[in-house]
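Everything on this sheet refers to the single structure shown next.
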2 protein chains.
Amino acid sequence: MNEQEYLAKYDKNAYLSPLVTVDGVLFTYHEETLKVLIVERANYPNKGMWGLPGGFIDETQDKTLEHAILRKLKEKTGIIPPYIEQLCTIGNDSRDKRGWSVTVCYTALIAYQACQHNIDSVESAKWVTIDEIENMPLAFDHNELYRQARERLKQKSLYSIVPGFALPDVFTLTELQRVHEVLIGKTLQKKSFRRRLEQADLLIDTGEKRQETGRPANLYRLKPESADYRFIRNLEF
Amino acid sequence: MNEQEYLAKYDKNAYLSPLVTVDGVLFTYHEETLKVLIVERANYPNKGMWGLPGGFIDETQDKTLEHAILRKLKEKTGIIPPYIEQLCTIGNDSRDKRGWSVTVCYTALIAYQACQHNIDSVESAKWVTIDEIENMPLAFDHNELYRQARERLKQKSLYSIVPGFALPDVFTLTELQRVHEVLIGKTLQKKSFRRRLEQADLLIDTGEKRQETGRPANLYRLKPESADYRFIRNLEF
DNA sequence: CTAATAGTGTCTCTCAGACACTATCCG
DNA sequence: CGGATAGTGTCTGAGAGACACTATTAG
């Protein structure tokens, strides 16, 4: 038998295969706090419970795992998040009562303003603050997935400006610093923070200014390549 | 219908599910070079080609994904590697001709001496240097998996002593530095390297010494917690 | 003017890089 | 002694932390 014959005869469904899902921990920043998107489960198991957005791969629709999670997130938010990153994969025989199950989990960031209208119109989806989610039982092992995403994002805020993707397209340096401070859980030195940004040349100066109270603040935009930039020296934890 | 009834009726195999495999990029260090374990494929597809060790989840045998890859690696090396870490998961409709396929890939490290006997006795497994593997077509997308593992390990050698797990239980500081140098691809300052190690308190001084030529070198052992330690400042790339 | 927030100047301290030095073994 | 490798002393420079300072708006 050659490979062609083997493939022609091969019946994928003749073998046991674990359930495969994708899940996403989608963060945003609004009103001085981090928020995470959760959805109410419409079906068993854990029907009625809240959990992370996600679901089964649709082999006919999804070309890749990332397409699958982006499709799921778009269903809830109306848009594709500007930052997404694979977090981890959990697979075992006990996380889903239906059987051996594997979930590929992603961390994503989005601006609150960019999707608030859509989320308000989706009955079963809402933002909760990270304080709320930490005291809330989620479906399956989604509390653990959230915890890992939260921890990774905290680490990232020490050596990258990835958290900036939770802000609107255009933002002030003070806003960017505040997101980092909330993630790290301590205040940062304004000077250190700005020195790093300036040297790394990660932002586009829009030339515009915004004023609320006090001196108007310069507005910046993230360079697309900022998503991958890593400072060689961490901020202190 | 309640959840119990739903679960009783649920037939996992009634739904399409991607193929799920685990793969491992197992590194070791021997004769001043990094090596990777590859195995010859016994079955279609890609029969006869070399690829990374791995394979399907065995739902009856494996409780978790990590158990699955450790089982696969133990089959080839005879032992459980002292360091293993999830690398990434690739899933799409084109990587495996049999259908939509997901692989969860791990990076692992092992001492050459600890498993050489077993590998020599396994017909279809062998070590190849990283120079060799980079010019070798591997099955599926295993070249890409290797590349990602190699890149991550290089990064890790800038801010951790994870590469030390590719050495025997007991080693000299010069040996440890050499592994890092090979991974990073440039020589390091002896003083900087040792200063970091000393401050972080990651090693156990065995009190023993080993001499080849010249002054005898002190022998050290890795503390188990060294696997998770991260320096706050990177070595320069 | 004051209040408020944005943004800068500058000192200290830690730690990586560089490199010369000393130490301990062999023959 | 010299050759080889292990290990240290010490200076420089980059960059984070700290914090006081100036700048620009509103009222």
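All of these numbers come straight from a predicted model, not from anything done at the bench. Note on naming: letters A, B, ... go to the chains in the order of the sequence lines (proteins, then strands), and numbering restarts at 1 for each one.
- Taken from CG in A:Leu26 to CG in A:Leu109, the straight-line distance is 7.5 Å, to the nearest 0.5 Å.
- Atom C1' of nucleotide D:dG13 and atom CD of A:Gln199 are separated by 13 Å, given to the nearest angstrom.
- Regarding A:Leu203, its CG atom lies at a distance of 15 Å from the C1' atom of C:dG7, rounded to whole Å.
- Distances were taken from every side-chain heavy atom of B:Arg195 (C-beta onward) to each of C:dT8, D:dG17, C:dA16; the shortest belongs to C:dA16.
- Rounded to an integer number of Å, the gap from CG of B:Leu197 to P of D:dG7 is 12 Å.
- With hydrogens and angles left out, the side-chain atoms of B:Glu66 and B:Tyr106 include no donor and acceptor closer than 3.5 Å.
- Going from atom CG of A:Leu188 over to atom P of C:dA6 covers 15 Å, rounded to whole Å.
- Distance alone, capped at 3.5 Å, places no donor-acceptor pair between the A:Thr89 side chain and the A:Val104 backbone.
- Spacing between atom CG of A:Leu158 and atom P of D:dA16 amounts to 12 Å, rounded to whole angstrom units.
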message = Can you build the contact string for nucleotides 19-27 of chain D? Use B for base contact, S for sugar-phosphate-only contact, and - for no protein heavy atom under 4.0 Å.
response = B---BBBS-
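- A:His180 and A:Phe193 have perpendicular rings, their planes meeting at more than 60° on a 0 to 90° scale where under 30° would count as parallel.
- The nearest whole Å value for the distance from the NZ atom in A:Lys186 to the P atom in D:dA18 is 6 Å.
- Under 4.0 angstrom from either OP1 or OP2 of D:dA16 there lies at least one side-chain N or O belonging to A:Arg196.
- Without hydrogens or angle criteria, A:Asn92 side chain to B:Lys63 main chain gives no donor-acceptor distance under 3.5 Å.
- In this structure, B:Arg233 does not reach the C:dT14 phosphate: none of its side-chain N or O atoms is under 4.0 Å from OP1 or OP2.
- Taking atom CZ of residue B:Arg210 and atom C1' of nucleotide C:dC26, one finds them 17 Å apart after rounding to whole Å.
- Atom C1' of nucleotide C:dA16 and atom CG of B:Asn234 are separated by 11 Å, given to the nearest angstrom.
- Picking from C:dG7, D:dG7, D:dA14 the nucleotide with the shortest atom distance to the side chain of B:Leu173 gives D:dG7.
- A cation-pi arrangement is present between A:Arg196 and A:Phe231, with the terminal nitrogen or guanidinium carbon under 6.0 Å from the aromatic centre and inside a 45° cone about the axis.
- A donor-acceptor contact shorter than 3.5 Å links the side chain of B:Arg152 to the backbone of B:Leu87.
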